Amino acid sequence: METRKVQVTGGSTYTVSIPKTWATDNDVEAGTEIEFHPDGDSLFLTPRSESERTRGTLDVTDLTGQALQRAVTTMYVSGFDVIELESAEITTEQRSTIRDAVQSLVGLEVLEETRDRVVVQDLLDSSELSIHNAVTRMRLISLSMLEDAITALAERDHDLARDVIGRDDDLDRLWLVVSRIFRATLRTPKAAEELGLPREECFDYHSSARQLERIGDHATKIAHLTLNIDEPLPDEVVEAVSDLHGDAVDVIDAAMDALFDDDTEAATRRANDARTGVRAIDERVRAIDKLLRDLDPTRAQLLGLVVDSVLRSADYGGNIAETALQKAAPTP
């Protein structure tokens, strides 16, 4: 850390020098324009960039299948606007994998393809993205998936179960968008400035989005389990699981309402209600466990996994409530 004294020039202008080492490392010299970004009681400075588009190059010679798809996804989440994939010769299989990766990510399009190069670009304007809207959409999708998964279980509706499984891709795409936006706010203060949100609040949304993504995973798990059920389930078990689902949704909704509430007192009250709801659900789970003891072991195990997924979904709602409490708490 280096310190500088603020000087007054011309009687009214405050000036401060910048460390030479930092200036050299960042190609700052006489005449370079510097951007200043206020952030609470801090002031961030960064050299003005000629281009707002960040480019990244990846050698895909030894990458195939999931490894290649993960590599493209990682560069997208890391914030590259233009991704250049290069190799001595990109195979047909690699091209197919790249196209699958591009289709699974919001805003990406293939701009150029040659024998040894594929260029992918994010066509979305980052300033138009809203982390709040993305998380709101994730909330709607994850809860609808969970509701339909329970309905599919109760009615042994395999088509609805498959539909739930298919929607998980939509939720994952939004999760990656939220991750990309959040990492951008960590990389540059300008990104947070364009969003109009403090970086701490972006972190809260990112953390909560992760919980919603996991709720979607458990809805998908319930849907997969439903595909293995052919015989009707006992009415009392179906009713008990449905009631458990209702309690879990109440927890998640209360937690998300708390997260989005700008009134700190109301947010704290809602978050505490959600946490209380999680503890109450444990009692209901114990009652369901008693019902499952009367079933044959295979069906009991399968339904036990369903109950566990609903319980874990409520726990994720409790995690969101914890985040909401931190967001509503006074800041230093």
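Note that this is a predicted model, so its numbers are computed, not measured.
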Asker: Supply the atom-to-atom distance L63 CG to L58 CG, rounded to the nearest 0.5 angstrom.
Answerer: 6.0 Å
Asker: Do the side-chain N and O atoms of R199 and T185 include a donor-acceptor pair separated by under 3.5 angstrom?
Answerer: no
Asker: Are R269 and D273 within salt-bridge range, i.e. N to O under 4.0 Å?
Answerer: no
Asker: Taking all non-hydrogen atoms of both residues, which atom of M145 and which atom of G216 are closest, and how far apart?
Answerer: CE-O, 3.5 Å
Asker: Cluster question for you: counting only ILVMFWY and a side-chain heavy-atom cut-off of under 4.5 Å, with indirect links fine, are L108 and V119 together?
Answerer: no
Asker: From H224 NE2 over to D168 CG, what is the distance, rounded to the nearest 0.5 angstrom?
Answerer: 8.0 Å
Asker: Is the backbone N or O of T92 less than 3.5 Å from a side-chain atom of S96, with the two atoms forming a donor-acceptor pair by type?
Answerer: no
Asker: Any side-chain donor paired with an acceptor under 3.5 Å for T9 and T15?
Answerer: no
Asker: Identify whether F203 and Y316 are in the same connected component of the hydrophobic contact network (ILVMFWY, side-chain heavy atoms under 4.5 Å).
Answerer: no
Asker: Can you tell me how far CE of M138 sits from CE of M256, rounded to the nearest 0.5 angstrom?
Answerer: 9.0 Å
Asker: Does Q94 use its side chain to pair, donor to acceptor, with the backbone of V60 at less than 3.5 Å?
Answerer: yes
Asker: If the threshold is 4.0 Å, N to carboxylate O, is there a salt bridge linking R167 and D163?
Answerer: yes
Asker: Which value, rounded to the nearest 0.5 Å, describes the distance between E213 atom CD and R173 atom CZ?
Answerer: 13.0 Å
Asker: Assign the ring pair H132 / F260 to parallel, tilted or perpendicular, where the plane angle (0 to 90°) is split at 30° and 60°.
Answerer: tilted
Asker: For the side chain of R275 and the backbone of N319, is there at least one donor-acceptor N/O pair under 3.5 Å apart?
Answerer: no
Asker: Which atoms form the tightest heavy-atom contact between K327 and L259, and what is the distance?
Answerer: NZ-O, 3.0 Å
Asker: With a 4.0 Å cut-off, would you call R139 and D257 a salt bridge?
Answerer: yes
Asker: Taking all heavy atoms of I83 and all of Y76, pick out the closest pair and write down the distance.
Answerer: CD1-N, 4.0 Å
Asker: If you measure only the distance, is there a donor-acceptor pair under 3.5 Å linking the side chains of D81 and T54?
Answerer: yes
Asker: In residues 230-252, what donor-acceptor pairs under 3.5 Å come from side-chain atoms, sequence neighbours left out?
Answerer:
residue : atom : partner : partner atom : Å
D247    : OD2  : R284    : NE           : 2.5
D247    : OD2  : R284    : NH2          : 3.0

Asker: What closest approach, in Å, do V106 and D122 show between heavy atoms, and which atom pair accounts for it?
Answerer: O-OD1, 4.1 Å
Asker: If hydrophobic clusters are built from ILVMFWY residues whose side chains come within less than 4.5 Å, do L176 and F182 share one?
Answerer: no
Asker: Rounded to the nearest 0.5 Å, what separates atom CD1 in I141 from atom CG in L212?
Answerer: 10.0 Å
Asker: Can a salt bridge be assigned to the pair D217 and R214 using a cut-off of 4.0 Å between side-chain N and carboxylate O?
Answerer: no
Asker: Please check this pair: side chain of S207 against backbone of D204, looking for a donor-acceptor N/O pair closer than 3.5 Å.
Answerer: no
Asker: Treating D308 as the side-chain partner and G304 as the backbone partner, does any N or O pair qualify as donor plus acceptor under 3.5 Å?
Answerer: no
Asker: Test: side chain to side chain donor-acceptor pair (under 3.5 Å). Region: residues 285-297. Which pairs qualify, not counting sequence neighbours?
Answerer: E283-R286
